[in-house]
Amino acid sequence: MLKIYNDLTREKETFVPLQEGKVTMYVCGMTVYDYCHLGHARVMVVFDLVYRYLKACGYEVNYIRNITDIDDKIIKRANENGEPFTELTRRFIEAMHEDSEALGILPPDAEPKATDHIGEILAMIGRLIERGHAYAAGNGDVYYDVRSFPGYGKLSGKSIDDLEAGARVEPGEVKRDPLDFALWKAAKPEEPAWDSPWGRGRPGWHIECSAMSTKALGDTFDIHGGGADLTFPHHENEIAQSEGATGHPFVRYWMHNGFVRINEEKMSKSLGNFFTVREILARYRPEEVRYFILTSQYRSPLNYGDEQLDNARGALTRFYTALRGLPEAVPLEANPYSERFLAAMDDDFNTPEALAAMFDLAREINRLRKGGEGAAAGLGAELRRLGGILGILREDPDAFLRGGDPAVDAGLSDAEIEQLITERLSARKDKQWAEADRIRHVLKKRGVILEDGAGETRWRRE
RNA sequence: GGCUCGGUGGCAGAGUGGUUAUGCAGCGGAUUGCAAAUCCGUGUACGUCGGUUCGAUUCCGGCCCGAGCCUCCA
């Protein structure tokens with residue numbers, strides 16, 4: 001039975017979807033004005049994992065991940081580049097798709113864009129004004145009246161009074177209350193703008209998610225996710241908007257993933273201490289990056305460092321070594337390791353514990369294969385199946401083990417390596433150990449490790 | 001200042017009121033022409049001070065330290 005930590009209640013709760021057998025899920029995606037960094041990668045991997053696991057549990061999942069393609073930063077960057085904002089966003093949407101595909105992220109069922117939902121956004125703002133939750137400020141802006149929504153602060157655990165004590169008030173403020181936030185922003189000259197009953201302008205950031213999620217999934221849906229920094233104010237505001245507009249509960253389970261950290265500090269654009277997915281993929285393989293993200297529970301901080309990525313490489317090598325050479329077989333699903341794996345995943349997606357179960361399974365495979373590779377095949381197939389739920393272990397074992405380090409020059413070609421191995425085999429046959437060792441050392445120097453087995457010699461790159 | 005969340009063995013990172021996490025690294029053994037891989041064995045780890053308890057790393061409280069949100073941020 002799946003349990004999910006619900007940020008709304010700060011408790012692990014048994015997951016029961018609104019509609020039996022079906023799950024509706026919305027995740028806040030990217031604002032597309034730059035390349036994805038590791039923090040974005042974590043969101044994508046974490047909720048891809050949730051998506052895959054829910055499907056593995058037999059649910060029919062409708063997974064929506066939005067794209068924010070209009071906001072202040074996009075406008076600013078497009079102006080700096082001297083290009084239309086639509087050209088900027090088109091490019092970075094494409095880049096995001098390349099990155100997510102590289103990381104083995106399944107495409108969501110839909111990826112709505114803010115600019116395609118101006119009509120829905122305007123309709124929702126209209127309803128909020130009708131219901132007394134929003135007001136036009138007179139300068140063309142429309143604001144949400146935070147005091148009009150009694151539940152404001154319930155997700156982030158903040159009270160309006162506490163927030164107000166520390167709120168800063170901008171000069172020339174047209175809001176009634178400093179905490180009120182923009183639903184619609186009047187356009188300045190030269191800015192992208194759409195017509196509205198309040199004059200030309202563009203949507204505020206928070207309203208798009210309320211409008212798009214409600215349109216795609218209904219007034220109430222099951223899971224809403226995103227990075228922990230979105231809890232306040234973004235998700236708090238979404239609740240106020242959606243519940244204020246529809247009068248129905250918005251989201252049943254709120255999930256937030258922890259940050260990627262670097263030297264004990266949050267990785268973020270503003271701190272400038274971020275690595276893009278592209279930079280990391282130049283040095284590590286996609287599966288290693290994905291594994292690294294899975295080594296920590298999704299709500300915990302994830303410390304980035306070469307040591308951690310190297311560790312991921314070593315761990316995957318162990319799995320693929322266990323799988324190497326096993327014949328195809330039907331996964332042997334009934335075994336204590338898989339039970340432990342599923343129990344771990346059911347416990348709020350405890351991937352470190354799930355991986356631990358997989359390592360124990362790998363050990364069992366290694367034990368069994370002493371009695372012949374066939375004996376271990378069923379469990380090997382099962383290990384792959386479990387890996388598939390996490391989105392790892394999809395490659396051919398030999399291909400992975402011979403893949404090497406993307407940052408290191410390929411050195412010898414596969415054919416050259418095979419040639420040297422053939423030469424060495426004949427030397428060994430004649431018990432010319434000195435020659436055999438010479439070839440071993442030559443290959444070792446080029447990053448190739450030989451493993452002499454019964455009747456054949458296997459190789460892999462370090 | 002307000003509100004959250006953490007502090008686990010060399011590193012990473014789970015978990016539990018009394019019994020082995022797991023991976024990497026280390027050490028000993030088996031195996032191997034030598035290796036590698038693999039298997040077996042191996043570490044008086046739970047920030048600190050009190051409290052509850054027959055017993056606490058695990059529950060409660062104080063303290064110290066760290067991170068995050070309160071402003072755009074995944």
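All chains are named by letter (A, B, ...) in the order of the sequence lines, taking the proteins before the strands, and each is independently numbered beginning at 1. Small disclaimer: the values here were computed from a predicted structure and weren't measured.
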With nearest nucleotides of RNA chain B determined for A/R324 and A/S156 from heavy-atom distances, which residue corresponds to the more 5′ nucleotide?
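Its nucleotide being nearer the 5' end, the pick is A/S156.
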What contact category does [X] fall into here, base, sugar-phosphate, or nothing, at under 4.0 angstrom with non-hydrogen atoms?
X	answer
A/V27	nothing
A/G453	nothing
A/R438	nothing
A/N257	base
A/E307	sugar-phosphate

Report each atom pair, protein N/O against N/O of nucleotides 58-61 of chain B, whose distance is under 3.5 angstrom.
none

RNA chain B stem ranges, 3 or more consecutive Watson-Crick or G-U pairs under 3.5 angstrom:
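So far as stems of 3 or more pairs are concerned, RNA chain B shows B:1-7 with B:64-70, B:10-12 with B:22-24, B:26-30 with B:38-42, B:47-51 with B:59-63.
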Can you check whether any acceptor in the base of [N] is under 3.5 Å from a donor in the side chain of [X], or vice versa?
X	N	result
A/K269	B/C72	no
A/D437	B/G33	yes
A/R261	B/A67	no

Do nucleotides 23-31 of chain B as a string where each nucleotide becomes B, S or -: B if the base has a protein heavy atom under 4.0 Å, S if just the sugar-phosphate does, - if no protein is that close.
BS-------
Measuring centre to centre across the rings, with the benzene-like ring taken for any Trp, is A/Y63 within less than 6.0 Å of A/Y26?
no
Under 6.0 Å between ring centres: does that hold for A/Y143 and A/F181?
no
Which value, in whole Å, describes the distance between the [atom1] atoms of nucleotides [N] and [M]?
N	M	atom1	value
B/G9	B/G15	C1'	15 Å
B/U8	B/A56	C1'	14 Å
B/U16	B/G1	C1'	37 Å

